[in-house]
Structure formats: structure tokens, C-alpha cells
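Below is one structure, written out as C-alpha cells; the observations come after it.
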Amino acid sequence: MKRERRRELPELPGAEGGVVMRFAPNPSGPLHLGHARAAVLNDAYVKRYSGTLILRLEDTDPARVYPPAYEMIQEDLHWLGVHIHRVVVQSSRLEIYYRHARELIERGHAYVCECTGEEFQRLKLAEQECEHRGKSVEENLADFERMFTEFKEGEAVVRLKTGVELSDPAMRDFPIMRISEAKHPRVSARVYPLMNFAVAIDDHLLGITHVLRGKDHIVNTRKQAFVYRFFGWPMPEFIHYGRLKIEGVALSTSRIKEGIEAGKYSGWDDAALGTLRALARRGFRSEAVRRAMLEVGIKQSDISFSWKNLFAYNRELVEPIANRYFFVASPVEVVIEHMPEFSREVRLHPSYPERGSRRLVVKPEAGVGRIFIAEGDYAKLRQGEFVRLMEGFNVVIQEKRRHWMRARFHSLELEEAKRRRARLIHWVPAPHAVPVTVVKPEGRDTGYGEPALGEVEPGDMVQFERYGFARIDEAGERIIAYYAHP
RNA sequence: GCUCCGGUAGUGUAGCCCGGCCAAUCAUGCCGGCCUUUCGAGCCGGCGACUCGGGUUCGAAUCCCGACCGGAGCACCA
């Protein structure tokens, strides 16, 4: 038995008084591996300290909202085992942001700026104030109201008076409110807070004690600090973890969406994607994903995500439940001469005889049996070679031709094959072979599976011997399996 | 370019704040053995790292400086 040795994450500073944390994705699509880190880590800390986890949907950019995502994100979190105590949607809180923006204007900390982006950038880089900065509070208040009625998108923003001489140009009078005329799926509005404003206000109002997020937000944290300062609010504890480089799968939500529309991907759970639903479809267990994320931790240095580690964690979970079957990819026919009748019961799982067995049968016609082997094995075999057909019998290759082989039955005993150090390969009896397609991130393998595959059901996890673990996606006359890992 | 971070085995991680018990932890990977009708699993054994150079100190993975390497941000996105 394997016990779960879970390394503890480092303590959160100042967690004694309880923790309130949040997971704050943009509802632009379902969750992927990158989100899983933030979700799992926040969840793990909240559970450790018996705190509260808030899901905050940050939909203040109407152009980037994908309406189904509101639901999908919650489904994904449920799958991940992340427990959400409260859900907050920013588009329902616009009045709160407006009120705080007015307050900042009244206190002289913000102003309505009509510069174009380029104009302001030029002035900013020259450490010069723009003409709108010196307006009176009354003028600013009036101009703010004009943002709701008169100004068009891009014509005015509210800027925070942080100072134009700040050493980091990014900090200089950054904007906190803007106009967007894109249609929002949930509300009808045209003035929206920018992320750094909405986040700071919400984090404070929701009583967030610890913010755990990627280091791409470090600059945002500094910007948000200005908002806290102007309101006189205490800052939560901020922790930034490093970038997680994930290779081999598509992660960018916007690019995935384009790919789906262009027919490049079958959907959000296409095997080539790094979305959680794609991993689930391939048979990954959420516990394996959680463990991988916990293992990765909260260090600030950048790391490469290791698929091998995830595979190993998942294999540990899935190996005991996955029944064994033979599947030959790109089948090559082998005719076996002098073949006797053959029939054998083979365990579905070598460690669990009680789970039952499947039957491998070769019924020769006129002394000739027919089977399939995988093209990869065919390529390696040489004429005259003695080879063991796993769970079956031994044959000697007589003749190797283009995509076809002739062999002769030799013997039944495994000992004979061991003594000769023969190659052991898997195979499928040709009659009643079941067509199987295995969908992999890189493409798909087609071939045949053994007749017993007729009994599997969608959702079953199987191990195709010498091939890898896969999840049955469609069962029946023909099988479609999604490949997980070796 | 500017601002700011970070660098422990193939990968991830512990240790670094509070120098010695660190010839450096754990997982994964790889190699070998046992077991096993393959793969996998299990058990046993092994491989493998403190980026480099100075400094402080009796003593540095741990503190300081520099170099090198890597990364983030510099949006009217989040």
C-alpha cells in the first residue's frame, strides 16, 4: 500500500486570524492547467486554515467575456475538488466601482483624462502632466458623468494621480476607469473599472486576507497599493508564484477559441488542449492534477511543468482500476502455418484475478491462423526470428513481406521463449478484431483491439499493453479511446 | 532600453529569513536486481544538484558584492 506523503506548503504569514482568499479568473473560457495552480493552491490554504474561498469572476472587459464560461469555470472547479464558499461577479458590482471612483475624484486623487493613449504615453515618458490633470474637482465630477452619456469609447478615462515622475513609467497616473461600447452579456453598461481598480476595491470589501497569484501580477500589486493608500485601507498579504512553463498543449484561451471556430479543435475538451476538461476526457484524475500543483508550490522562480511527474501521479491512481487489453496500432496481418486450435483465459488485471478474464482464441482454417500485430513490432522483426505472442504462443517468422508476414507455429510454452530471450509482442486475433481509434494529443492511432473490448463502457480506464493508459470515450462496434500517458 | 524578480540533481521540491547537526530532503526520472507470461505495479540497490567568482566568518547552499543565465512588467486586457 502506498501512503500519501504530502509535503506541506509553507505557512502563510499572518494566517492566525483566519484567511479569506479568492480565485479570480476572467470568464473567457473554461479552466486550464495554468488556472489549476491558482485554484488548487488557494483551495489548499483555505482548507488548511479553515478559511473562506471566494470565486470572483472578473468580467469587466465585455469584449473578452465568453458567456458559457461562467458555468464552465464552476464545473471545472468542482471537478478539481476546489470548494468555493461564495461566488462574486464583478459586472454585478459596477455601482460600487463608480461610487469609489467618484470618491477618489472628490478627494482630488483622480481625474478624467481625454488624452489619446499615444498622447498620454508620450507625456508620461517625458514625465509631464497632461492638461486634464489640473482640473477642479467639480470639472472632473462633471466629466465623469459625461463618460456615461457623452464621451465615446476611447475618448476619456479616469486616471489615478499617482505622479508623473515615478521611476516606473507603468505607475505614472495609470487609468482606473474606461469606456467600452462592446456589448456585455450580463449587464448594459459602458463605463467599466480597469482590473487594478476593481481588484483592489473588491479585495478590500470582500475582506481578502491573502492574495496568492502569479508574479505577472507583481506590477499590478504595486498599482493596487496606490488604491489602498488613497483610501487608507490596509493591504492584504500578497504572494506571487513564478511562471509555469507548460509545453505540448494549447493553453491560450483566445487561441483555443479561434481554433475551435476554425475546426482545428473539436471543442474545449480536444485531446490537444491543456484545459481541465481535456485532461478529464483523457482519463486524468483531478487528484493527480492537484498533487502536481501542490508539488510545484508557490516559489517565485519560474519552473517547467513536468508531464512525466503528472503521468506518474495519475498512473498511481489509475493503474489499479485499468483493465488490460491488447490494441495493435497500424495493424499488419500475420498468417501462422501449422497452427493448432488455441484458446486461453487471460486476466483482465494481473493483480486482481477476481475481476475476471477475457478469452484469446485462434481458430485455424486448414491449419492456418490469422492475427494482427502492430506495425512498430512488424518493423523490428526479422525473417527466421523466434517471437512470443504474449499470453499466447511462440512462432517463427518465415517470410516478411511488405505489410504482411508468414510465420509458423512453434510451441506454447513461455519458458521456451524466455530461454531464447525472444521478443514478446502483443497481438490481436484477426477474426472478430474490434476497430479502435486512439485519440492522442499529437494525432490519432487506428488499429484493432481484441474482441473482449466489446465489453468496455464509456468512461472506463484501460491499459493497452505495451502502449499506454487510455479512457474509453465511445464503446460498441468500434471503440474510440482518449490516450492519457504511458 | 527602463523597472523589478529569481537561480539546489533530467524534472519538480525541502533547506536559505534565525550560518555549523547538509559529503544536502522527498517525489519523479534513469540504471541494475528480485518478483512477474509483456507493460505496469511491488520490493531492494544505485545514478544524479547547491550557476560562477570574490568577500565576511573558525565555519556558507545559507550573509554581502559582482558576473553570467533565466523570467516578469512597461495596455483605455485580466
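Heavy atoms only: backbone and side chains are in, while hydrogens, waters and symmetry mates are out. Letters A, B, ... are given to chains in the order of the sequence lines, protein chains preceding strands, and every chain is numbered from 1.
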Do the side chain of [X] and the base of [N] come within less than 3.5 angstrom through a donor-acceptor pair of N or O atoms?
{"X": "A:R324", "N": "B:G40", "value": "yes"}
{"X": "A:E319", "N": "B:G40", "value": "yes"}
{"X": "A:S306", "N": "B:G29", "value": "no"}

State whether A:F120 and A:R159 meet the cation-pi test: NZ (Lys) or CZ (Arg) under 6.0 Å from the six-membered ring centroid, and within 45° of the perpendicular axis. yes
With both distances under 3.5 angstrom, what nucleotide forms a Watson-Crick or G-U wobble pair with B:C52?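 Paired with B:G66.
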With both distances kept under 3.5 Å, what pairs with B:G42, Watson-Crick or G-U wobble?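 Answer to the pairing question: B:C34, which forms a Watson-Crick or G-U pair with B:G42.
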Please report, rounded to the nearest Å, how far the [atom2] atom of [N] is from the [atom1] atom of [X].
{"X": "A:R355", "N": "B:A41", "atom1": "CZ", "atom2": "P", "value": "16 Å"}
{"X": "A:I303", "N": "B:A27", "atom1": "CD1", "atom2": "C1'", "value": "14 Å"}
{"X": "A:K124", "N": "B:A75", "atom1": "NZ", "atom2": "C1'", "value": "8 Å"}
{"X": "A:K215", "N": "B:G70", "atom1": "NZ", "atom2": "C1'", "value": "8 Å"}

Does any donor atom in the side chain of A:R213 or A:T221 lie under 3.5 Å from an acceptor atom in the other side chain? yes
As a test of understanding, state which of A:F469, A:Y467, A:F311 forms a ring-ring contact (aromatic ring centres under 6.0 Å, His included) with A:Y483.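 The passing option is A:Y467.
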Whichever of A:K223 and A:M195 has the more 5' nearest nucleotide on RNA chain B, that residue is A:K223
RNA chain B nearest-nucleotide lookup for A:I218 and A:H426: closer to the 5′ end is A:I218
Mind telling me whether A:Y228 and A:F238 have parallel, tilted or perpendicular rings, with 30° and 60° as the class edges?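 A:F238 and A:Y228: perpendicular rings.
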A:D302 has its side chain closest, among B:G12, B:U28, B:G71, to B:G71
Just compare B:G29, B:A78, B:C76 and give me whichever is closest to any side-chain atom of A:R315.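 The listed nucleotide nearest to A:R315's side chain is B:G29.
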Taking the P atom in each of B:G71 and B:G33, what is the distance between them to the nearest angstrom?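 Their P atoms lie roughly 41 Å apart.
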Do A:R358 and A:E391 sit within salt-bridge range, that is, some charged N less than 4.0 Å from a carboxylate O?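 Result for this pair is no, no salt bridge flagged.
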Is the shortest side-chain N/O distance from A:S301 to OP1 or OP2 of B:C5 below 4.0 Å? no
